Amino acid sequence: ADFLLDDSFRDCRRLVHVVLPAVKSNGRSEFAGCCSLRSVSLVASGIAHSAFAGCTRFASASLPCARCAEDNLFVGCTRLESVSMPVATEVYDLSFRNCSNLTEVSLPAVRRVYANAFACCVNLEAVSLPRLDSVDSTAFKRCRRLSKERISAPEHVTNTLPDSFE
């Protein structure tokens, strides 16, 4: 199939790994609530809203063609450690909220980060966004281990951020 419908695998509690090399886009909440899902590899350029929300065992994602991190994409993925999204240009609201195991993020093509995108990522310590043009002041809200100095981004953008993210 070229695409998957909304809720295609929603709440599939025994789904552990997913590799879908031919899917071009997926539906909303496609894997939401898949509490055993640990990793996914998708070449889809369109990854929809809440695709992996609440996947509490989710540890890594390889999304090499994803154009953006949609709203709530990984919200509540408390074990998420690594994400590869090399061509994504935007990180929308709450994309990584409550990803408490996430320690480092490198999104080389991202130009815009929206409100609360990384909110409550309590172990986030380093962020690399070398092409960033704009970031909402609440993007890193409650990222207690992160400081402005640990965000690698153009200076004109980091100057607009608070010194800490309590």
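Note that the structure is predicted; figures quoted are calculated from it, not measured. These values consider heavy atoms only, across backbone and side chains, with no hydrogens, waters or symmetry-generated copies.
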List for me each residue that meets side chain to side chain donor-acceptor pair (under 3.5 Å) alongside [X], sequence neighbours excluded, and say none if there are none.
| X | value |
| --- | --- |
| Arg67 | Ser45 |
| His156 | none |
| Ser8 | none |
| Glu155 | none |

Least distance between heavy atoms, [X] atom then [Y] atom:
| X | Y | answer |
| --- | --- | --- |
| Ala32 | Ser50 | CB-O, 3.7 Å |
| Ser95 | Ala69 | OG-O, 2.9 Å |
| Asn159 | Lys148 | O-NZ, 4.2 Å |
| His17 | Ser39 | ND1-OG, 2.7 Å |
| Leu15 | Cys34 | CD2-SG, 4.3 Å |
| Leu102 | Glu81 | CD1-O, 3.5 Å |

Backbone N or O of [Y] within a donor-acceptor pair of the [X] side chain at under 3.5 Å?
| X | Y | answer |
| --- | --- | --- |
| Ser36 | Val16 | no |
| Asn101 | Leu80 | no |
| Ser100 | Thr78 | yes |

### Co-membership, hydrophobic cluster, residues Ile47 and Val113, 4.5 Å side-chain
yes
### Task
Could you list all the side chain to side chain donor-acceptor pair (under 3.5 Å) pairs where at least one residue sits in residues 68-77, not counting sequence neighbours?
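Matches after skipping sequence neighbours: His49-Asn72.
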### Task
May I have all residue pairs that pass side chain to side chain donor-acceptor pair (under 3.5 Å) and include part of residues 51-65, sequence neighbours excluded?
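Qualifying pairs: none.
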### Query
Do Pro154 and Leu132 touch side chain to side chain, with heavy atoms closer than 4.5 Å?
yes
### Message
Are Glu30 and Val18 packed together at the side-chain level, in the sense that at least one heavy-atom pair is separated by less than 4.5 angstrom?
### Response
no
### Query
How far does CG of Leu107 sit from SG of Cys68, to the nearest 0.5 angstrom?
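Answer rounded to 0.5 Å: 11.5 Å.
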### Query
Could you give the distance from CG (Leu37) to CZ (Arg13), rounded to the nearest 0.5 Å?
13.0 Å
### Message
Suppose we screen for side chain to side chain contact (heavy atoms under 4.5 Å, CB included). Which residues come up paired with Ala115, at least two apart in sequence or across chains?
### Response
Asp93, Asp136, Thr138
### Message
Suppose we screen for side chain to side chain contact (heavy atoms under 4.5 Å, CB included). Which residues come up paired with Thr160, at least two apart in sequence or across chains?
### Response
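Side chain to side chain contact (heavy atoms under 4.5 Å, CB included) check on Thr160 returns Val135.
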Apply salt bridge (charged side-chain N to carboxylate O under 4.0 Å, His left out) to [X] and list each qualifying residue two or more places apart in sequence or on a separate chain.
| X | answer |
| --- | --- |
| Arg111 | Asp133 |
| Arg10 | Asp7 |
| Glu125 | Arg145 |

### Pairwise ring-ring contact (aromatic ring centres under 6.0 Å, His included) hits with a residue in residues 109-134, at least two apart
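Pairs touching residues 109-134 that pass the test: Tyr92-Tyr114, Phe96-Phe118, Phe118-Phe140.
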